[in-house]
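In what follows, a single structure is set out as structure tokens and then discussed.
Keep in mind that what you see is a predicted model, and the values were worked out from it rather than measured. The first residue of the sequence shown is numbered 1, and numbering continues consecutively from there.
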Amino acid sequence: MAASYALNAGDPLDDLVSRVRGGHQPILLSRSGEPVAAVVTIGEFREYERWRDEADLAPARSVFEDPDTGWISHEEAMVILDADEQKEAAG
């Protein structure tokens with residue numbers, strides 16, 4: 001979840017936000033000449049979040065859709081993870 005910042009009239013960011021909303025163009029923010037952030041409309045931000053969520057889910061979907069995956073239960077996965085942790089601790 002993104003952090004939020006409440007804008008007030010006269011706030012230095014208020015002008016930037018107005019320009020982004022009015023022009024529907026992102027504004028890049030730089031530090032020492034290097035881009036570090038962008039101000040975008042809420043619609044663009046939500047689109048980015050949807051894209052990121054879809055990218056996060058894609059590997060899981062591909063595994064789920066592959067009939068040869070060989071699903072294991074949560075309990076089986078935990079046993080495997082515990083064994084791996086014990087190997088690392090001993091090794």
Side-chain angles (χ1 to χ4, degrees):
M1 180 70 175
S4 62
Y5 177 90
L7 294 173
N8 298 310
D11 189 307
L13 291 176
D14 192 43
D15 180 51
L16 286 176
V17 171
S18 294
R19 288 173 47 198
V20 168
R21 285 180 69 195
H24 297 285
Q25 298 243 342
I27 293 178
L28 293 179
L29 304 176
S30 300
R31 179 177 286 147
S32 302
E34 293 293 321
V36 294
V39 180
V40 298
T41 64
I42 193 65
E44 290 168 324
F45 179 73
R46 287 185 177 139
E47 183 178 328
Y48 161 76
E49 284 187 319
R50 278 191 302 274
W51 170 82
R52 188 183 63 195
D53 291 345
E54 283 296 318
D56 288 345
L57 289 172
R61 283 193 179 121
S62 68
V63 168
F64 181 73
E65 293 168 357
D66 182 357
D68 298 325
T69 300
W71 283 92
I72 62 173
S73 70
H74 177 261
E75 291 79 17
E76 290 172 298
M78 294 308 295
V79 168
I80 293 168
L81 290 173
D82 287 342
D84 287 347
E85 286 178 2
Q86 288 176 3
K87 270 194 231 174
E88 285 181 21

Sequence neighbours left out, cut at 3.5 Å: what donor-acceptor pairs do the side chains of residues 7-15 make with other protein atoms?
unit_1, atom_1, unit_2, atom_2, d
Asp11, OD1, Leu13, N, 2.9
Asp11, OD2, Tyr5, OH, 3.0

Less than 3.5 Å apart, which donor and acceptor atoms pair up between the side chains of residues 82-91 and the rest of the protein, not counting sequence neighbours?
none

Return a table of donor-acceptor pairs under 3.5 angstrom between the side chains of residues 31-41 and protein atoms on other chains or two or more places apart.
unit_1, atom_1, unit_2, atom_2, d
Thr41, OG1, Glu44, N, 3.2
Thr41, OG1, Glu44, OE1, 3.2

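Contact of the Val79 side chain with the Glu75 side chain is not registered, since no non-hydrogen atoms from C-beta on lie closer than 4.5 Å.
Met78 and Ile80 end up in different hydrophobic clusters when Ile, Leu, Val, Met, Phe, Trp and Tyr side chains are linked at under 4.5 Å.
Rounding to the nearest 0.5 Å places NE2 of His74 at 8.5 Å from CG of Leu81.
With Arg50 as the fixed residue, the side-chain contact (heavy atoms from CB on, under 4.5 Å) test singles out one of Arg46, Glu54, Arg52: Arg46.
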Go through the steps to decide whether Gln25 and Val20 satisfy the test side-chain contact (heavy atoms from CB on, under 4.5 Å), and finish with yes or no. CA-CA 5 Å; Gln25 298 243 342; Val20 168; over 6 Å; no

